[in-house]
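Remarks on the structure that follows.
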Protein chains: 2
Amino acid sequence: MTIPLPGGQVRGSKTGKPIMALLDLLGRTWALGIIWHLHSGPATFRELQQRCEKISPTLLNTRLKELKTLQLIESQQAGYQLSPQGVDLFDIISPLGNWSSQWAQALMDESKSCH
Amino acid sequence: MTIPLPGGQVRGSKTGKPIMALLDLLGRTWALGIIWHLHSGPATFRELQQRCEKISPTLLNTRLKELKTLQLIESQQAGYQLSPQGVDLFDIISPLGNWSSQWAQALMDESKSCH
DNA sequence: AACCATGCTACAAATAATGTAGCATGGTGT
DNA sequence: ACACCATGCTACATTATTTGTAGCATGGTT
C-alpha cells in the first residue's frame with residue numbers, strides 16, 4: 001500500500017486533491033486510533049501497542065512509518081508523539097469524542113422505542 | 001466484518017466506548033469518503049459510485065448498510081443522503097478540507113528545503 | 001556474562017477489498 | 001404486449017491488507 005501523498009494518486013482519486021490523500025490515510029485501519037491514542041502523550045512502541053489493545057506490531061510499524069512520512073507524528077527520545085501538524089489534526093477531530101457519546105445515546109434510544 | 005455498534009466490541013477496544021466504535025467505523029475503507037461525497041447532495045447508488053471514482057459496488061453496498069444501520073445516512077426517493085446525525089458528523093470533519101490543503105503545502109515546502 | 005526490556009521483522013493464516021459480469025426490477029417508447 | 005434501458009445490487013474469483021505469533025538484534029543492568 002503506497003503512502004497517500006497529497007498531489008499523487010490515492011485510493012479514490014486521481015486528482016491528487018489533498019483531502020483525498022488525507023481521507024485515504026485516515027481511512028486505513030488504525031490510523032485514526034493511533035492519532036487518538038497518541039494524544040494522551042508520547043508513547044514508546046510497546047506502550048502504544050498496549051493503548052491500541054489489539055494492534056499487531058507489523059501494522060503498527062507500517063502505520064507509524066506512514067504517519068511519520070506525512071509528518072503527523074515524530075519520534076523523539078520520549079517515544080512517538082504527535083507533531084505540531086498532528087496536534088492540529090487532532091484538534092479538528094477531537095469533538096468526535098463527545099459527539100460519539102451523543103450518537104451512541106441516540107442509537108440506544110432509537111432501539112428502545114422502535115421495538 | 002461486523003458493524004461497530006457503540007457498546008459492543010469493536011476493533012481496538014473491548015470497552016464498548018462510543019469513540020472506539022466510531023473510529024473503527026470511520027477507519028474502514030471508503031467510509032469517510034462516502035460521507036464526504038454525500039455532503040454535496042443526495043446521490044443514487046450509481047451516482048455515488050461515480051463520485052467515489054473507484055469503489056466496487058460490493059463494498060459500496062456494504063458500507064452503505066453499515067452507515068445506514070448506524071444512522072449516519074438514510075435512503076429516500078432522492079437516493080442516499082446524510083441523515084441529521086450524518087450532517088452533524090460532517091460538520092465536525094469538514095475543516096479537514098482546508099486543513100489538508102495547508103498540510104499538503106507544508107509537505108511540499110519541506111521537500112523543497114530539505115533536499 | 002547472564003538477564004531484561006525494547007523496537008521491530010518474518011511469515012503464514014485469516015480477513016477484507018477489487019473488478020467484472022450479470023441478474024432482477026421498474027420504467028418508456030412502439 | 002414486447003423490446004429496450006437504466007438502476008440497484010449480488011456473485012464470485014482474484015488480489016491486497018491485517019492479524020497473530022515467534023523471535024531477532026540492540027542496549028542497558030546486575
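Here is the naming used below: chain letters follow the sequence lines, and residue numbers restart at 1 for every chain.
As a whole-Å value, the separation of A/Leu59 CG from C/dC11 C1' is 15 Å. The distance between atom CZ of B/Arg63 and atom C1' of D/dC9, rounded to the nearest whole Å, is 16 Å. Rounded to an integer number of Å, the gap from B/Leu64 CG to D/dT7 C1' is 14 Å. Between the CE atom of A/Met1 and the P atom of C/dA16 there is a distance of 14 Å, rounded to whole Å. Residue B/Asp24 contributes atom CG, which lies 13 Å from atom C1' of C/dA16 at whole-angstrom precision. In this structure, CG of A/Leu60 is placed 14 Å from P of C/dT6, rounded to the nearest angstrom.
A residue-by-residue look at B/Lys65 and A/Lys54 shows that B/Lys65 has its nearest nucleotide of DNA chain D further toward the 5' end. Take the nearest nucleotide of DNA chain D for A/Gln49 and for A/Arg28: the residue whose nucleotide is more 5' is A/Arg28. The residue among A/Arg11 and A/Phe45 whose nearest nucleotide of DNA chain C is located toward the 5' end is A/Phe45.
OP1 or OP2 of C/dC8 sits under 4.0 Å from a side-chain N or O of A/Tyr80. Between A/Asn61 and C/dG7 there is no side-chain polar atom (N or O) within less than 4.0 angstrom of OP1 or OP2. Close to C/dG7, at under 4.0 Å from its OP1 or OP2, lies a side-chain N or O of A/Thr44. For the pair A/Trp30 and D/dT17, the criterion of a side-chain N or O lying under 4.0 Å from OP1 or OP2 is not met.
At least one donor-acceptor pair closer than 3.5 Å links the side chain of B/Ser83 to the backbone N or O of B/Gln71.
Between A/Lys68 and A/Glu74 there is no salt bridge, since none of the side-chain N atoms of the basic residue sits less than 4.0 Å from a carboxylate O of the acidic one.
Side-chain atoms of B/Thr58 come within donor-acceptor range of the base of C/dG19, with a qualifying N/O pair under 3.5 Å. Side-chain atoms of B/Thr62 and base atoms of C/dA16 include no donor and acceptor less than 3.5 Å apart.
Using cut-offs of 30° and 60° on the angle between ring planes, the pair A/Phe90 and A/Trp36 is tilted.
The closest side-chain donor-acceptor pair between A/Gln102 and A/Asn98, if any, does not fall under 3.5 angstrom.
Checked against D/dC9, C/dG7, D/dT21, the side chain of B/Arg46 finds its nearest nucleotide in D/dC9.
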